[in-house]
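To find a chain, count down the sequence lines: A is the first, B the second, and so on, and within it residues start at 1.
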Number of protein chains: 2
Amino acid sequence: MSADQPVTVEVGLGDRAYDILIGPGLLARAGADISRRLPGTRAAVVTDENVAAAHLDTLRAGLERGSIQPAIITMPPGEKTKSFAHLEEVVDGVLAAKLERGDVVIAFGGGVIGDLTGFAAGIVRRGMNFVQIPTSLLAQVDSSVGGKTGINSPRGKNLVGVFHQPKLVLADTGVLDTLPIREFRAGYAELAKYGLIDRPDFFAWLEANWEKVFSGGEERAEAIAEACRAKADVVARDEFETGDRALLNLGHTFGHALEAATQYDGARLVHGEGVAIGMALAHRFSSRLNLASPDDAARVEAHLRDVGLPWRMADIPGDLPDADALLGFITQDKKVSRGALTFILTRGIGQSFIAKDVPASEVLSFLKDNHPASRKAG
Amino acid sequence: MSADQPVTVEVGLGDRAYDILIGPGLLARAGADISRRLPGTRAAVVTDENVAAAHLDTLRAGLERGSIQPAIITMPPGEKTKSFAHLEEVVDGVLAAKLERGDVVIAFGGGVIGDLTGFAAGIVRRGMNFVQIPTSLLAQVDSSVGGKTGINSPRGKNLVGVFHQPKLVLADTGVLDTLPIREFRAGYAELAKYGLIDRPDFFAWLEANWEKVFSGGEERAEAIAEACRAKADVVARDEFETGDRALLNLGHTFGHALEAATQYDGARLVHGEGVAIGMALAHRFSSRLNLASPDDAARVEAHLRDVGLPWRMADIPGDLPDADALLGFITQDKKVSRGALTFILTRGIGQSFIAKDVPASEVLSFLKDNHPASRKAG
């Protein structure tokens, strides 16, 4: 693998198909890759202060080589940027740059920047061209595929947005070397998720090779590519999330509830960590319902622990709301039909499925038994 | 024509096809018509204070007959409601009502409510079901077909939005009896536009029958249906406005500039009036460019004058910015390529076309010569 030969994953969505390029050195050649697909385009780059400080000069030089001199729109870092106020700011910045529908809005940052920017690109002039340059591992494996964009509402996460597919994704694996280890781990949780959904061999490969994924090199790009392929397979089957795509929510129901319960405070819990704990809980809960072996739950917990991820509620610093309140966050997020919830459960590693009839009472008692406070209270 | 047998216009957009029902008495049977298409749905109705005062009780009773008890979200009337702040308010109201993706958001009002509500329906949970119950003539002929939704930006009108098709449109022609005559006329301008675009026989029919359209009865419903059919034909050819659909902008380039120039102040100029003046200007400008006969421009002006619509800039109360400033509003709205603008021009009644190479200098001198101030200054 070299900068000249990134791995290419094609996301097959008919007339909305696009390529994901994965490998080191992609920022430096971004202008050429974009201009080849969108000749003569003008551009705005939306980024955050941290990414701008670390990488914007490199990207600017790379775009310049394709004769693209972008307007730059810089947001504060953090989940709170996924708000109506910041959406309006990005929209205004794109309009101020006088870009047309055929011009391109580039998201340059992590998942927050990708979701916010994709949403803005989807609504300015009712839909502009969109290119993603994800700079976190989480964004490279998660936001690269699927076309979901959005912001949070005070009533819940990602409740407002559009489906808007990018024209191109550039996943520069070299950029990940500058990520804080905690962020890298959080992204790794989402990457491992694809093994747990339906690729048991990939999960086993990760158990054997995770240290090389962390240290960089070919294994890193290959792991990202495999996760993107896995997600692209699911999304191609169900672009607008009316069925199978719900499998991608493995770990997310518990995870979102924990994120809401910690007020989206990244100091306590970032999204990927919520997903890690959520995946472990989904396996443990499946075992409790006699759907899966407790050995599989233990294997998931052990791998998350090995790589340094939180895997249980007790790993979240600070106090959590009680189990009833956590269930409240889950039901706000979900369709509740006669007291039954839809969850992604599993029959074992790589055997997840959509369960539409999970009794809320079972979830509540599971949450109570696994709540950190339960060890003190009884 | 009776309440039992509305005219039905089918908008053929593949798996997004839907019906427009047109006729008197549709509010009273709204619940049945909606439930037949969306069984078991829950609903939120978005409306404005004026429409709510006049018609909400009737609609509520009509929905109740279909066992629909909607949440009600009431906005202030007027173009200024098409803002980010009100969008956020509607989104929050829909989420507060705990509606799911399969539930329905109903727009009950004029074009402002339709555009704002459709946008909200398009982004809450990345797209909910949407039903339109337009209560102005303008909204019945314009917003009923096309799926365009959106809000205004301080940088221009309708610059932010999505394409989101309704599942059903109920155009109750009886409701129009309570419209102020000025609003009815403004909608009539948009209706007459379809004759001017490509249906010369329809324009001639309107010249002969406009008084019956204004007074109600079968001609009113038939005129609305014909306008919807005309628009549906264009939209089916070009759903996402990459080509022919631009014809629908006849009169809108000048019209939008005049709306912007009057700060969207409805006391001075409402949208349909801007379109009326814009259509007259487009014909007069086409004549000046030797594309169309001056007789056709005079015929358009005469018909607009007959029905009581403004047809020239001098009909707008108060001072207008000068011609240079008006051109500035046009170029903000349009793609400017080497000093050339895209305009909808015409070769005569019902023979409009997309002109991509209109010199900005020609537009400017035309605006100068037709500016009310020019009579004093020059």
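Chosen from V124(B), L95(B), L87(B), the residue pairing most often with chain A at heavy-atom distances under 4.5 Å is L95(B). Ranking A85(B), G102(B), A96(B) against chain A, the residue ahead of the rest is A96(B), based on heavy-atom pairs under 4.5 Å.
In plain terms, the two heavy atoms of R126(A) and N158(B) that are nearest each other are NH2-CB, 3.9 Å.
Contact annotation for V162(B): both backbone and side-chain heavy atoms come within less than 4.5 Å of a heavy atom of chain A.
Annotation: the span from S83(A) atom OG to E88(B) atom CD amounts to 8.0 Å, rounded to 0.5 Å.
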